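Quick notes on the structure that follows.
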Amino acid sequence: PESLLTVYMQAGLSALKTPASLKPDCNIQDPLHLESFRKMAEGLPFAKHLQSKLVCRITHEIMDEHNPPMVLPNGYVYSLKAMEDMAQKNNSKIVCPRSGLECEFKDLVKAFIS
């Protein structure tokens with residue numbers, strides 16, 4: 001049986017393992033640049049995504065160029081579709097579902113992701 005420390009180490013390495021981690025010119029800040037960690041990570045899946053997707057907490061739809069992320073004054077981010085639907089139902093008023101902050105649709109700022 002594996003020791004508890006090994007299980008925890010493998011869980012952590014799995015969260016960090018990318019195809020780039022296994023290349024010879026791997027970033028020195030990546031723990032998998034060390035041979036001992038590479039050996040421990042053998043057979044573990046790649047869990048880190050190099051390209052992420054933003055999903056709206058309200059609509060559960062992907063936010064992209066067709067449904068961009070909108071930033072509320074309190075910093076929370078939801079999709080344009082969710083905010084338009086909420087504004088239409090509430091006379092242009094937006095209520096943040098997480099903090100309760102109330103603002104106008106015009107107060108939202110489109111987020112640009114690169």
Side-chain angles (χ1 to χ4, degrees):
E2 297 282 343
S3 74
L4 198 53
L5 177 59
T6 300
V7 171
Y8 285 132
M9 289 291 294
Q10 287 178 327
L13 291 173
S14 176
L16 298 172
K17 186 177 175 184
T18 67
S21 298
L22 304 179
K23 292 183 179 178
D25 61 343
C26 172
N27 187 322
I28 195 163
Q29 293 181 339
D30 187 335
L32 288 163
H33 84 280
L34 298 171
E35 187 58 39
S36 58
F37 285 156
R38 283 185 185 199
K39 191 172 223 164
M40 191 179 287
E42 284 178 4
L44 296 177
F46 293 115
K48 187 174 181 183
H49 299 280
L50 297 177
Q51 293 183 345
S52 299
K53 294 180 181 177
L54 290 176
V55 178
C56 178
R57 185 180 180 103
I58 297 171
T59 64
H60 305 289
E61 294 178 6
I62 293 175
M63 292 184 267
D64 57 18
E65 65 275 3
H66 306 293
N67 185 27
M70 302 299 289
V71 184
L72 277 67
N74 62 4
Y76 285 106
V77 178
Y78 303 99
S79 70
L80 175 62
K81 182 178 179 182
M83 296 296 93
E84 286 177 336
D85 290 347
M86 186 182 295
Q88 186 178 26
K89 293 174 185 172
N90 297 322
N91 198 26
S92 200
K93 186 171 87 172
I94 301 294
V95 180
C96 178
R98 297 184 76 190
S99 73
L101 172 87
E102 293 185 15
C103 65
E104 296 292 319
F105 184 83
K106 65 178 178 58
D107 298 326
L108 305 180
V109 177
K110 182 178 176 181
F112 293 91
I113 301 167
S114 57

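Here the structure is a predicted model, which means the values were calculated and not measured. Heavy atoms only: backbone and side chains are in, while hydrogens, waters and symmetry mates are out.
Of all non-hydrogen atoms in T6 and E2, the two that sit nearest each other are CG2-OE1, 3.0 Å. In plain terms, the two heavy atoms of I62 and N67 that are nearest each other are O-ND2, 3.6 Å. Among all heavy-atom pairs drawn from P31 and F37, the shortest one is O-CD1, 3.1 Å. Taking all atoms of both residues into account, the shortest heavy-atom contact from C56 to A82 is SG-CB, 3.8 Å. Considering every non-hydrogen atom in both C26 and L32, the closest pair reads SG-C, 4.5 Å. Taking both residues in full, the closest heavy atoms of H33 and N27 are given as CB-O, 3.7 Å, listed atom of the first, atom of the second, then distance.
By the criterion of side-chain heavy atoms lying less than 4.5 angstrom apart, applied directly or through intervening Ile, Leu, Val, Met, Phe, Trp or Tyr residues, Y76 is not grouped with L54; the two fall into different hydrophobic clusters. Under the 4.5 Å side-chain heavy-atom criterion for grouping Ile, Leu, Val, Met, Phe, Trp and Tyr, V109 is not connected to F105 through any hydrophobic cluster. By the rule that hydrophobic residues join a cluster once side-chain heavy atoms approach within less than 4.5 Å of another member, F112 and L72 end up as members of separate clusters. Placement of L13 and L34 within a single hydrophobic cluster is found when ILVMFWY residues are connected by side-chain heavy-atom separations under 4.5 Å, directly or transitively. L5 and M40 fall within the same hydrophobic cluster, where Ile, Leu, Val, Met, Phe, Trp and Tyr residues are linked whenever their side-chain heavy atoms come under 4.5 Å apart, directly or through other members.
You'll find the side chain of F46 reaches within 4.5 Å of the side chain of L22, heavy atoms only. L16 places none of its side-chain heavy atoms less than 4.5 Å from the side chain of S21. Side chains of S79 and I58 form no contact here, defined as non-hydrogen atoms less than 4.5 Å apart.
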List the steps, then state whether side chain to side chain contact (heavy atoms under 4.5 Å, CB included) holds for Y78 with M70.
-> CA-CA 5 Å; Y78 303 99; M70 302 299 289; 5.9 Å; no
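How far CG of L4 is from CE of M9: 12.5 Å, rounded to the nearest 0.5 Å. With values rounded to the nearest 0.5 angstrom, M83 atom CE is found 9.0 Å from L80 atom CG. Considering CZ of R57 and SG of C96, their distance stands at 9.0 Å, rounded to 0.5 Å.
Sorted by first and then second residue, the salt bridge (charged side-chain N to carboxylate O under 4.0 Å, His left out) pairs with a member in residues 18-39 form an empty list; sequence neighbours excluded. Judged as a salt bridge (charged side-chain N to carboxylate O under 4.0 Å, His left out), the pairs with a partner in residues 95-111 (not counting sequence neighbours) are, in order, K93-E102.
For E61, the salt bridge (charged side-chain N to carboxylate O under 4.0 Å, His left out) criterion is met by K81, not counting sequence neighbours.
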